[in-house]
Number of protein chains: 4
Amino acid sequence: MARPRDTRVDEAILTATRELLAEAGYAGLTMDAVAERARIGKAAIYRRHATKQEMVFSAAVHGADLPDPPDTGSLRGDLVALVREIVDHLTNPAAAAAIPGLMGDLSSSPELAARFQDILVTRQQLGIEHLLDRAVARGELRTAPDVSLVHALVSGPVFAVIYVQNRSPEGLPEQLGTVIHAALAASSQNA
Amino acid sequence: MARPRDTRVDEAILTATRELLAEAGYAGLTMDAVAERARIGKAAIYRRHATKQEMVFSAAVHGADLPDPPDTGSLRGDLVALVREIVDHLTNPAAAAAIPGLMGDLSSSPELAARFQDILVTRQQLGIEHLLDRAVARGELRTAPDVSLVHALVSGPVFAVIYVQNRSPEGLPEQLGTVIHAALAASSQNA
Amino acid sequence: MARPRDTRVDEAILTATRELLAEAGYAGLTMDAVAERARIGKAAIYRRHATKQEMVFSAAVHGADLPDPPDTGSLRGDLVALVREIVDHLTNPAAAAAIPGLMGDLSSSPELAARFQDILVTRQQLGIEHLLDRAVARGELRTAPDVSLVHALVSGPVFAVIYVQNRSPEGLPEQLGTVIHAALAASSQNA
Amino acid sequence: MARPRDTRVDEAILTATRELLAEAGYAGLTMDAVAERARIGKAAIYRRHATKQEMVFSAAVHGADLPDPPDTGSLRGDLVALVREIVDHLTNPAAAAAIPGLMGDLSSSPELAARFQDILVTRQQLGIEHLLDRAVARGELRTAPDVSLVHALVSGPVFAVIYVQNRSPEGLPEQLGTVIHAALAASSQNA
DNA sequence: AACTAATCGAGACGGTACGTCCGGTCTTGCA
DNA sequence: TGCAAGACCGGACGTACCGTCTCGATTAGTT
């Protein structure tokens, strides 16, 4: 019965946030700047996002959903493709600026931490589960290993290379995918 | 000639910072709170640390230097010991709160990024280099693999488990050390 | 041809405004609160009143027109009756809250200032003019004094007692009417 | 032991407030504008004045203390001088803009209302009391009339002429002083 | 009976000011 | 000179309110 939210405003907010994240970084991102860039009022932002953190999260993490990695026909190929997707996600300028910044605020906000985890962990783990099941079906692995460990093995090093070592992720998918494949294959035999 | 700095003040600042990091997290840490808790003036802080980030860095990251991991006699044992040390470092409450927070500020401050990298990457990589050299000497590996990759493989998953998956790191050293050992061994054979 | 305005809405707006003026004062009065109290939409208000000031004016000042004071048979009696009417007008809770508040906005809005003056000054001065003419006709005054001055002498002290001294206006009509009568009588003799 | 408040900051705030009141009026006065004009931070304002109202009050009402009106040798002369002082006070651009604006906020803040009354009523009434005592001593009045009434008779019409009738107060001191003198003299005889 | 056009409640919208909070700098008087 | 205390500037935060606009549903009065 009342006026519905304008979806163009939703988009304008998220777009402006992404642009400013890329330009000024997480610390340099201002709610007023987002409002001005999006040509909207601050109230329109706070009607949609309770805090700056939630807005950044929605703009840079949520929505940038990882598509399910394709079945490449081999475990090694699947792992390379998976790493490539994570690298692509984390090298997006907005996400690259937002994710480390958000991590600092997670401890203060359990609600945000939960959503953060859901998007960055739970959904990715589903994809990993499928990937491992396919490898078992193919006979490449005897039993599916612990999903959480594989997730950590895949996403952790990408994170480390990009955010901690601050190195280019070029060649990383091939390299990391191969190593993890070797580790899983070896573990499977010893199991 | 002039009055020397009071070392008790140095300690009081770092202690207060660590306590407040554990209590309120990185986002909830304020310079005024540190000064009040340490019963000192803010000027005394800024005489020692140029910015909040540097203070937090000094309190939570620096000083908690990783001791060189011991020679356990086997590559697998060395890797387990290395992971255990990284886990111990990152599970310290102050460090756990500080590190993700600091990462968000790295992009804004190249100077801090450099120091961050020096402590968290370069020094650890030196230890890893020794560890790998010993494995080659023992004949466990034919050639030493890329140090950066091994560093990413070791520290990344620990980071992921603690900060992203938010899981207990119990059992992680054993588990992760074993997997990485398998990966390195397999890669060495194929090389 | 089209749907006519609902007169119940008109009334609901003014009533809600008066109630909220009495409850929360001028500064605490918000358009949203008026709309909610009146169970109408804000558009319905702005279809009738261009600004908050005009709405308050219509609710608290306009409509509460002073009836022409009666001919009591003597100048002193007429003055007492006049003061009593002004006191009654200004002690109405809605008017008491609205008038000082509106005065603060007059400088920003010449249009409102004009209407304010018309209601609060011009109409009252007409009544005063009649009152003085009657006194001249009765022979109580030789010539009619300056109407503006008498208006200021009558309304000003009432204003001062209620809004500035914040005293009860009990007994004020008698007291003030008598004093002004004395002043006018004395001035008339010396003229 | 700590750094004391800078009195130049106190002055800069009040001066900027007065200037902006004269330029933009009460409604157009912004805390940010005051801070910018005074070249200070907003925190420095709020350290001294709890609210915008208190700041305006301090700038435009307080401090502009009425000096005790001089002894002119006659009651009529004293009254004329008193009215002249009130007129001067209320025609000051800053006070003229501030006082009606403040009156609208008095109902919301009893604390401010009390200070407002103290400055604008109590102190002026002291002066009036002396003035009336002198008249009694001179034999111009038999007994001193009610101070509150005289205060209302003096300040109310000035208020009405300036803020309600919106007329020039030129000639008002002479005119009003004379009328009030006549009223007091007549009342004294009939007492 | 269908059409038209202004009304209604609800509430989103842009804009702007508020008062609070911090980071980093500066100033005071004491030791 | 170092120190505790705390004032200082600058600037972002999240809230509140004004006056406008938009939605779908309701009413008249006209066809």
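A quick note: this is a predicted structure, and the numbers were derived from the prediction, not measured. Scope of the values below: all heavy atoms of this structure, side chains included, with no hydrogens, waters or symmetry mates. Every chain is numbered from 1 and lettered A, B, ... according to where its sequence line falls, protein lines coming before strand lines.
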Would you give the length of the straight line joining atom CE of Met103(B) to atom CD1 of Ile99(B), rounded to the nearest 0.5 angstrom? 9.0 Å

Establish, for the pair Lys52(C) and Phe57(C), whether the NZ or CZ atom is under 6.0 angstrom from the six-membered ring centre and no further than 45 degrees off its axis. no

Whichever of Met31(C) and Thr30(A) has its nearest DNA chain F nucleotide further upstream toward 5': Thr30(A)

Could you give the distance from CD (Glu19(A)) to CG (Leu29(A)), rounded to the nearest 0.5 Å? 11.5 Å

Just to confirm, is there a sub-4.0 Å distance from OP1 or OP2 of dC8(E) to any side-chain nitrogen or oxygen of Arg48(C)? yes

Ala38(B) or Leu29(A): which one's nearest nucleotide on DNA chain F is closer to the 5' end? Ala38(B)

Find out whether Ile119(A) and Arg115(A) are in side-chain contact, i.e. whether some heavy atom of one side chain is under 4.5 Å from a heavy atom of the other. no

Per Arg3(C) side chain, nearest of listed nucleotides dG9(E), dA25(F), dG6(F): dA25(F)

Arg47(C) near the nucleic acid: base, sugar-phosphate alone, or nothing, with a heavy-atom cut-off under 4.0 Å? base

Tell me the interatomic distance from Ile45(D), atom CD1, to dC9(F), atom P, rounded to whole angstroms. 9 Å

Would Ser58(D) and Gln53(D) count as a side-chain contact (heavy atoms from CB on, under 4.5 Å) if you check the C-alpha gap in whole Å, the side-chain angles of each, and the deciding distance to 0.1 Å? CA-CA 9 Å; Ser58(D) 298; Gln53(D) 283 77 34; over 6 Å; no

Ignoring the backbone of Lys52(D), work out which of dC13(F), dC18(F), dC18(E) is nearest its side chain. dC18(E)

Would you say the side chain of Lys42(D) and the base of dG19(E) hold a donor-acceptor pair, judged only by whether the two atoms sit under 3.5 Å apart? yes

Could you tell me whether the side chain of Arg5(C) has a donor or acceptor atom within less than 3.5 Å of a complementary atom in the base of dT7(E)? no

Rounded distance (Å) that lies between atom P of dC13(F) and atom NE2 of His49(A): 14 Å

The side chain of Ala43(D) lies closest to which of these nucleotides: dC22(E), dC13(F), dT27(E)? dC22(E)

For Glu54(A) and dC13(F), what is the distance between atoms CD and P respectively, to the nearest whole Å? 15 Å

May I have the distance from Glu36(A) (atom CD) to dG14(E) (atom P), rounded to whole angstrom? 13 Å

How long is the line joining CG of Asp32(A) and P of dT20(E), in whole Å? 18 Å

Using 0.5 Å steps for rounding, measure from the CE atom of Met55(C) to the CD1 atom of Ile45(C). 5.5 Å

Would you say dG24(E) has OP1 or OP2 under 4.0 Å from some side-chain N or O of Tyr46(B)? yes

Nucleotide nearest Ala2(C) when distance is taken to its side chain, options dC3(F), dA6(E), dG23(E): dA6(E)

Need to verify one output field. Residue with the more 5' nearest nucleotide on DNA chain E, Asp6(C) or Asp10(A)? Asp6(C)

Tell me the interatomic distance from Met55(D), atom CE, to dA17(E), atom P, rounded to whole angstroms. 13 Å

To the nearest angstrom, the CG-P distance between Leu112(B) and dG24(E) comes to 11 Å

Give the rounded distance in Å between these two atoms: CG of Leu20(B) and C1' of dC22(E). 15 Å

Candidate nucleotides dC21(E), dC21(F), dG14(E), ranked by approach to the side chain of Ala44(A) - the nearest: dG14(E)

